[in-house]
There are 2 protein chains.
Amino acid sequence: MGDEMKIPQATAKRLPLYYRFINNLYLQGKLRVSSKELSDAVKVDSATIRRDFSYFGALGKKGYGYNVEHLLQFFRRTLDQDETTEVALIGVGNLGTAFLNYNFMKNNNTKIVVAFDANDGLVGTEIGGVPVAHIDDLEEKMGNVSVAILTVPSQAAQGITDRLVERGVSGILNFTPARISVPPTVRVHHIDLSVELQSLAYFLKHYPL
Amino acid sequence: MGDEMKIPQATAKRLPLYYRFINNLYLQGKLRVSSKELSDAVKVDSATIRRDFSYFGALGKKGYGYNVEHLLQFFRRTLDQDETTEVALIGVGNLGTAFLNYNFMKNNNTKIVVAFDANDGLVGTEIGGVPVAHIDDLEEKMGNVSVAILTVPSQAAQGITDRLVERGVSGILNFTPARISVPPTVRVHHIDLSVELQSLAYFLKHYPL
DNA sequence: CAAAAAACGTGATGAATTTCACAAAGTTAG
DNA sequence: CTAACTTTGTGAAATTCATCACGTTTTTTG
Ligand SMILES: NC(=O)c1ccc[n+]([C@@H]2O[C@H](COP(=O)([O-])OP(=O)(O)OC[C@H]3O[C@@H](n4cnc5c(N)ncnc54)[C@H](O)[C@@H]3O)[C@@H](O)[C@H]2O)c1
Ligand SMILES: NC(=O)c1ccc[n+]([C@@H]2O[C@H](COP(=O)([O-])OP(=O)(O)OC[C@H]3O[C@@H](n4cnc5c(N)ncnc54)[C@H](O)[C@@H]3O)[C@@H](O)[C@H]2O)c1
């Protein structure tokens, strides 16, 4: 499992992106692809792509490029595309509902299998094929999911996080503006939409291209 | 306006985050704060915070820390908190509706003022106080917004992008999985939720903490 | 088959960012 | 007022990442 511990984090973040585009190429029937072509598609410098791939060994052929099918199979293995990661979603509001309706399974090794909310009107329903349980039953009904998506009001974020961590969750995708505290064994990725919008506006005003 | 061109981009991305937490402290009636306290709250190393602030001059006092009110006023000016950036949202589906219902104006210098969709059933309605117009009327009704949020199906992303760019938009927050092409004068921030989820899963499997 | 073209893999370099660690300056307590 | 303590601001080192540039291998063309 965790063999190749030397892959830069920046590279690891690009792998799912590569995977998606290579899969597209495969579905289009393309047999080979060069780092330059891939670069145009994913908007990542071609040297960076070659460097990224090289961490996994020599995947390509000089003068030819990369064999699409070979590359695809390689990525499937590397991203554990076959072994699905089960995910829980907490907070079935505006954002949470959008995620449940979205089919995260396209090109994806992750699947939301259960959702939780405090609103009794939602409990017992099914959204996008995912059953909604009551937050009070979190411990009982979350099974052994290892990843949670947090889309609750920010006030509730830390309390729920503590329960998730206690229950053994090791990764949290946090959409709330709260910066949650977790033990060092738990990984949190923050997606802060307000900050993204504000910083885009700031860049436009102060870093004219 | 664009005086301080020397602020590292990594710092610029953290400014809205700092602003939000400083504002919270102010609302809580706190008079001063140290880089260490702020570090605990925003989960950014305290040395990084001091370095970030130092790009704007000496904002703090040795042995004391930072005066919350002073800091807040400084950030308000710096982030142009008073001058609101008007934003258009394209694609009023699951995700787009969530954004419209969300009040981006809390602690925020950005405001969605108009939305567009191809679905006639939506056109003419108002969601979260934002009027929805038909995508055919994009050029006519978008006014002079400079930023657009893209939440359309990925197939439509490039076509709409071209129209936005043609119309003078200079920043795009792209939520579609498509990697769109723009001239070098336009800034695109990609938020790829599937990639975020997949890469979190990958990190958990390969980089155990 | 030979020459030209294509494209990988990577050493070297440089840019950007984070972090350490400490002198200097200010605060607090007695 | 003095001593002990706190905390900033910043050189310097460390780290991470992206990009250049080219030798080498393979493919393609004529
Ligand atoms: N909607 C957006 O566009 C947007 C943008 C940026 C950030 N966010 C953040 O995402 C989070 C969710 O936003 P939203 O718009 O979906 O909010 P929402 O109010 O629509 O949904 C929140 C949901 O969480 C549920 N909830 C409340 N307390 C709970 C608890 N203790 N346990 C379980 N469920 C609980 C509520 O019943 C509700 O269904 C918020 O923190 C918000 O700040 C949202
Ligand atoms: N919903 C999610 O959780 C989620 C997650 C990851 C990525 N995304 C991406 O975000 C985008 C939107 O997702 P969604 O779930 O809201 O989809 P959706 O299908 O619910 O909404 C898309 C909306 O765009 C409108 N539309 C279609 N073509 C258009 C055109 N040419 N001009 C204007 N409007 C048009 C549709 O009428 C619809 O209202 C998609 O690209 C999707 O891949 C969504």
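Sequence lines set the chain letters: A, B, ... in the order given, protein chains first and strands last, and positions in each chain run from 1.
Within the helix from C/dC1-D/dG30 to C/dG30-D/dC1, the inter-axis angle between the opening and closing five-pair segments is 20°, rounded to 10°.
Considering only the side chain of A/T48, D/dT19 comes nearest among D/dT19, C/dA7, C/dA21. When distances are taken from the side chain of A/A10 to each of C/dT27, C/dG9, D/dA18, the shortest belongs to D/dA18. Among C/dT18, C/dA7, D/dT19, the nucleotide with an atom closest to any side-chain atom of A/K62 is C/dA7. The side chain of A/A58 lies closest to C/dG9 when the candidates are C/dT19, D/dC17, C/dG9.
Remark: the B/T84 side chain and the B/N109 side chain contain no N/O donor-acceptor pair separated by less than 3.5 Å. Side-chain contact annotation: B/N24 with B/Q28, donor-acceptor N/O pair under 3.5 Å absent.
Listed pair A/R14 / D/dA18 meets the phosphate criterion, a side-chain N or O lying under 4.0 Å from OP1 or OP2. Taking 4.0 angstrom as the limit, A/Y66 places a side-chain polar atom (N or O) nearer than this to OP1 or OP2 of C/dG9. Taking side-chain N and O atoms only, B/K61 has no distance below 4.0 Å to OP1 or OP2 of C/dA25.
When the P atom of D/dT25 is taken as reference, atom CG of A/L59 falls 18 Å away, rounded to whole Å. Distance, A/Y55 OH to D/dT16 P: 11 Å, rounded to whole Å. When rounded to the nearest whole Å, the span between CD of A/Q9 and P of D/dT16 equals 8 Å. For the pair A/Y64 OH and C/dC8 P, the interatomic distance rounds to 11 Å; values are reported in whole Å. To the nearest angstrom, P of D/dT16 lies 11 Å from OH of B/Y207. The nearest whole Å value for the distance from the CZ atom in B/F53 to the C1' atom in D/dT8 is 12 Å. Straight-line distance from the CD1 atom of B/I49 to the C1' atom of D/dG9: 14 Å, rounded to whole Å. As a whole-Å value, the separation of A/D52 CG from D/dT16 P is 16 Å.
A salt bridge is absent between B/K13 and A/E196: the closest approach of a Lys/Arg side-chain nitrogen to an acidic carboxylate oxygen does not fall below 4.0 angstrom. Between A/K111 and A/E86, none of the side-chain N atoms (NZ, or NE/NH1/NH2) sits under 4.0 Å from a carboxylate O, so this pair counts as no salt bridge.
Checking B/R32 against B/R50, the closest nucleotide of DNA chain C that is more toward the 5' end is the one next to B/R50. For the pair A/T11 and B/G63, both in contact range of DNA chain D, the more 5′-proximal nearest nucleotide belongs to B/G63.
For the pair A/F116/A/L89, no side-chain contact is recorded, criterion being any heavy-atom separation below 4.5 Å from C-beta on.
Residues from residues 68-79 of chain A lying near DNA chain C, meaning a heavy-atom separation below 4.0 Å, are absent. For DNA chain C, none of the residues of residues 179-187 of chain B falls under the heavy-atom distance limit of 4.0 Å.
Looking at heavy-atom distances under 4.0 Å, B/S35 makes contact with sugar-phosphate atoms alone, never a base.
Within the 3.5 Å criterion, the main-chain N or O of A/F74 finds a donor-acceptor partner in the side chain of A/T78. With hydrogens and angles ignored, the 3.5 Å screen pairs no side-chain donor or acceptor of A/D80 with any backbone N or O of A/E83. Judged by distance alone, with hydrogens and angles left aside, the side-chain atoms of B/S54 form a donor-acceptor pair with the main-chain N or O of B/R51 at under 3.5 Å. Under the 3.5 Å distance criterion, the side-chain polar atoms of B/N174 are matched with a main-chain donor or acceptor of B/A178. Side-chain atoms of B/R179 never come within 3.5 Å of backbone atoms of A/A41 as a donor-acceptor pair (strictly under, hydrogens ignored).
Between B/L150 and B/T161 the shortest heavy-atom distance is CD2-OG1, 3.6 Å.
Relative orientation of the A/Y18 and A/F53 rings is perpendicular, given thresholds of 30° and 60° on the angle between their planes.
In this structure, B/R32 is positioned above the aromatic face of B/Y64, its NZ or CZ under 6.0 Å from the six-membered ring centre and within 45° of the axis.
Side-chain N/O atoms of B/R51 and base N/O atoms of C/dT19 include a donor-acceptor pair closer than 3.5 Å.
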